[in-house]
Engineer: 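I'd like to ask you about the structure that follows.
What you see below is based on every heavy atom in this structure, not just the backbone, and it leaves out hydrogens, waters and symmetry mates. Chain letters run A, B, ... following the sequence lines, proteins first, then strands; residues in each count from 1.
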Number of protein chains: 2
Amino acid sequence: MKRAGVTAEQLTRAAAELADEVGFENVTLATLARRFGVKEASLYSHVRNARDLKTRVALLALAELADLVADAVAGRAGKDALVALAGVYRDYAREHPGRYAAAQLRLDPETAAASAGARHAQMTRAILRGYDLQEPDQTHAVRLLGSVFHGYATLEMGGGFSHSAPDTEETWSRTLDALDALLRHWPAP
Amino acid sequence: MKRAGVTAEQLTRAAAELADEVGFENVTLATLARRFGVKEASLYSHVRNARDLKTRVALLALAELADLVADAVAGRAGKDALVALAGVYRDYAREHPGRYAAAQLRLDPETAAASAGARHAQMTRAILRGYDLQEPDQTHAVRLLGSVFHGYATLEMGGGFSHSAPDTEETWSRTLDALDALLRHWPAP
DNA sequence: GCATTTGCCTAAGCCTATTAGGAAAACTAC
DNA sequence: GTAGTTTTCCTAATAGGCTTAGGCAAATGC
């Protein structure tokens, strides 16, 4: 019998696509096995277990997202860079909800350390160069920005914003205006 | 054989406690059945299915959280109210991670409409009375605050903030300072 | 006390995850 | 090319979890 030729990378990619289709929490080894035309048990030659697969998808999403951010902020500064970076997160969450959810998976410390996670913090910190913030305010600001971007993406996706009154598009641009203003006039302690 | 005397409310409460112990996604009918000393199938007399139970936990958490917020902001205004409201969300997320996750469950529109969800938006809007914001900026601000609080809680819980440098306690208070300043000097469009 | 409703049970089917052990394909090295 | 090794896939089996169907006994209403 000829082999299907599955690899861990293909499996991870397929899992990411499946996650975008049915939600990260509904990604199952059984579904993937069917999709590849092999038996479930065969997948254990490529990934340790279901958790391992989810971790791989998380790492994929983190790296993919970091690359997109790096691209978007290249050559930009100040509010321009802020808008670009924020837009990448929001768009990614909307276009790849499953992958975005995967990127939120809690990783164990070693895995997290080897992930693109640090690049994210690093790039957010980079756009703060366009503003006049010293440590430790810079770190506070990085965390605040991370909170807003992640919170906004999550709430918007989850329908947390009522579909009424001002549309989310406008809220988004006004939120960025607000954050820009805040960073330009960061309050003294 | 005497009955265990399970009710939907007890079940929901137990599920909420279990969620705080093992994580919302790991709440299972099987575990609850064991905890009540009945068979799994018996639970279907009280809840329609696993999804129904999760929905009930979500509604419980939303209501509980709304009550806590209402209590916290009573008699406060301005930054005082902001800090109180924000603190409730953060503390609840840390003390009841499972319930907090449940509160994020995506509900179908009718269920959501009947939930305490609206009270949350309402109360956030209320604290903005201490600031000089007109519509539609008020709505933008409500969404921004919601994003920050939710995002912060999620990232802090998930270990998204590296455990290094300034501790999260300080970031939290500086974040509130920043939001207060932002609301006091909301940028014109 | 008797009828009805309600709570719980057994039985069974379906899905997913995981492990163990085996066979054949693919690859390596002469 | 062929012998040996590794890799990939398989079957078989176990263990959980979710859900439905049908039945009996406990609680409740009159």
Side-chain angles (χ1 to χ4, degrees), chain A residues 1-60 97-99 101-102 105-108 111, chain B residues 1-60 97-99 101-102 105-108 111:
Chain A
M1 177 187 292
K2 59 185 154 199
R3 298 185 176 181
V6 181
T7 68
E9 285 67 34
Q10 278 176 43
L11 210 46
T12 305
R13 243 158 229 304
E17 277 157 33
L18 181 59
D20 287 338
E21 293 165 24
V22 304
F24 186 55
E25 70 283 5
N26 298 118
V27 170
T28 174
L29 288 178
T31 305
L32 287 171
R34 264 175 249 127
R35 201 163 278 205
F36 278 98
V38 300
K39 299 292 175 181
E40 291 179 50
S42 305
L43 300 183
Y44 289 84
S45 293
H46 307 285
V47 295
R48 197 169 4 266
N49 50 35
R51 168 76 196 179
D52 178 33
L53 177 65
K54 290 194 170 188
T55 300
R56 285 168 190 264
V57 176
L59 294 175
L60 169 72
R99 286 159 149 97
L105 184 70
R106 195 173 188 148
L107 303 170
D108 52 290
T111 310
Chain B
M1 178 187 291
K2 59 187 154 194
R3 299 187 177 179
V6 181
T7 68
E9 285 67 34
Q10 278 176 44
L11 210 46
T12 305
R13 247 163 225 302
E17 278 157 33
L18 182 58
D20 287 337
E21 292 165 24
V22 304
F24 186 56
E25 70 282 4
N26 297 119
V27 170
T28 175
L29 287 179
T31 305
L32 287 171
R34 265 176 246 125
R35 202 163 277 205
F36 278 97
V38 301
K39 299 293 175 181
E40 292 178 50
S42 306
L43 299 183
Y44 288 83
S45 295
H46 306 286
V47 294
R48 199 171 0 266
N49 50 36
R51 169 75 197 183
D52 179 33
L53 177 65
K54 291 195 170 186
T55 300
R56 285 168 190 264
V57 176
L59 294 176
L60 169 72
R99 285 158 150 98
L105 184 69
R106 194 173 187 148
L107 303 171
D108 52 288
T111 310

Engineer: Not counting sequence neighbours, which residues clear salt bridge (charged side-chain N to carboxylate O under 4.0 Å, His left out) with Glu21(B)? List them please.
Structural biologist: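 Glu21(B): salt bridge (charged side-chain N to carboxylate O under 4.0 Å, His left out) contacts with Arg35(B).
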
Engineer: Measure CG/Leu18(A) against P/dT16(C) and give the value in whole Å, please.
Structural biologist: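 The distance from CG of Leu18(A) to P of dT16(C) comes to 11 Å, rounded to the nearest Å.
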
Engineer: Please tell me which of the listed nucleotides, dC9(C), dT20(D), dA17(C), lies nearest to the side chain of Tyr44(B)?
Structural biologist: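 Within the option list, the nearest is dT20(D).
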
Engineer: Please determine if a side-chain N or O atom of His46(B) lies less than 4.0 Å away from the OP1 or OP2 oxygen of dT6(C).
Structural biologist: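 The answer is no; no side-chain N or O of His46(B) sits under 4.0 Å from OP1 or OP2.
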
Engineer: Rounded to the nearest 0.5 Å, how far does CZ of Arg56(A) lie from OG1 of Thr111(A)?
Structural biologist: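 Atom-to-atom, Thr111(A):OG1 and Arg56(A):CZ are 10.5 Å apart.
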
Engineer: First locate atom CZ of Arg99(B), then atom CG of Leu18(B), and finally report the distance between them rounded to the nearest 0.5 Å.
Structural biologist: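 CG of Leu18(B) is found 11.0 Å from CZ of Arg99(B).
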
Engineer: State whether Arg34(A) places a side-chain N or O below 4.0 Å from either non-bridging phosphate oxygen (OP1 or OP2) of dT16(C).
Structural biologist: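 Yes, such a contact exists.
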
Engineer: To the side chain of Leu29(A), which of dA17(C), dC18(D), dT16(C) is closest?
Structural biologist: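 Minimum distance to the Leu29(A) side chain belongs to dA17(C).
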
Engineer: Under 4.5 Å between any side-chain heavy atoms of Leu43(B) and Leu53(B), yes or no?
Structural biologist: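 With C-beta onward as the side chain, the pair stays apart.
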
Engineer: Write down the distance between CG (Leu32(A)) and C1' (dC9(D)), rounded to a whole number of angstrom.
Structural biologist: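 Spelled out: CG on Leu32(A) to C1' on dC9(D) is 16 Å.
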
Engineer: How close or far is atom P of dC18(D) from atom NZ of Lys39(B), stated in whole angstroms?
Structural biologist: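 Interatomic distance, NZ of Lys39(B) to P of dC18(D): 15 Å.
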
Engineer: Name the closest nucleotide to the Asn49(A) side chain, picking from dT18(C), dT10(C), dT19(D).
Structural biologist: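 For the Asn49(A) side chain, the nearest candidate turns out to be dT18(C).
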
Engineer: Quick one, Thr31(B) with Val27(B), criterion side-chain contact (heavy atoms from CB on, under 4.5 Å). Give me CA distance, side-chain angles, the key distance, then yes/no.
Structural biologist: CA-CA 7 Å; Thr31(B) 305; Val27(B) 170; over 6 Å; no

Engineer: Within this structure, what is the CD-to-P distance between Glu25(A) and dA17(C), rounded to whole angstrom?
Structural biologist: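 Rounded to the whole Å, the gap is 13 Å.
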
Engineer: OP1 or OP2 of dC15(C) sitting under 4.0 Å from any side-chain N/O of Thr28(A)?
Structural biologist: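 Answer is no, no contact under 4.0 Å.
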
Engineer: Using atom CD of Glu40(A) as one end and atom C1' of dT8(D) as the other, report the distance to the nearest whole Å.
Structural biologist: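 The distance from CD of Glu40(A) to C1' of dT8(D) comes to 16 Å, rounded to the nearest Å.
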
Engineer: Taking C-beta and beyond as the side chain, do Thr28(A) and Arg34(A) meet within less than 4.5 Å on heavy atoms?
Structural biologist: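 Contact flag for Thr28(A)/Arg34(A) side chains = no.
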
Engineer: Looking at dT16(C), I'd like to know if its phosphate oxygens (OP1 or OP2) sit under 4.0 Å from a side-chain N or O belonging to Arg51(A).
Structural biologist: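 So the side chain of Arg51(A) is outside the cut-off, no N or O lying under 4.0 Å from OP1 or OP2 of dT16(C).
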
Engineer: In Å, rounded to the nearest 0.5 Å, how long is the span from CG of Leu29(A) to CZ of Phe36(A)?
Structural biologist: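 Answer rounded to 0.5 Å: 11.5 Å.
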
Engineer: Among dT19(D), dA17(C), dC10(D), which is the nearest nucleotide to the side chain of Ser42(A)?
Structural biologist: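 In terms of side-chain proximity for Ser42(A), the closest of dT19(D), dA17(C), dC10(D) is dC10(D).
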
Engineer: Of all the choices, dT19(D), dC9(D), dT19(C), which nucleotide is nearest to the side chain of Val38(A) once you look at every atom?
Structural biologist: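 So the side chain of Val38(A) is nearest to dC9(D).
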
Engineer: Is there any protein nitrogen or oxygen under 3.5 Å from a nitrogen or oxygen in nucleotides 11-13 of chain C, and what are the pairs?
Structural biologist:
none

Engineer: With a cut-off of less than 4.0 Å, is there a side-chain N or O of Ser45(A) near OP1 or OP2 of dC9(D)?
Structural biologist: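 For dC9(D), OP1/OP2 do not have a side-chain N/O of Ser45(A) under 4.0 Å.
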
Engineer: Tell me: CG of Leu43(A) to C1' of dT7(D), nearest whole Å?
Structural biologist: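 Taking CG of Leu43(A) and C1' of dT7(D), I get 15 Å after rounding.
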
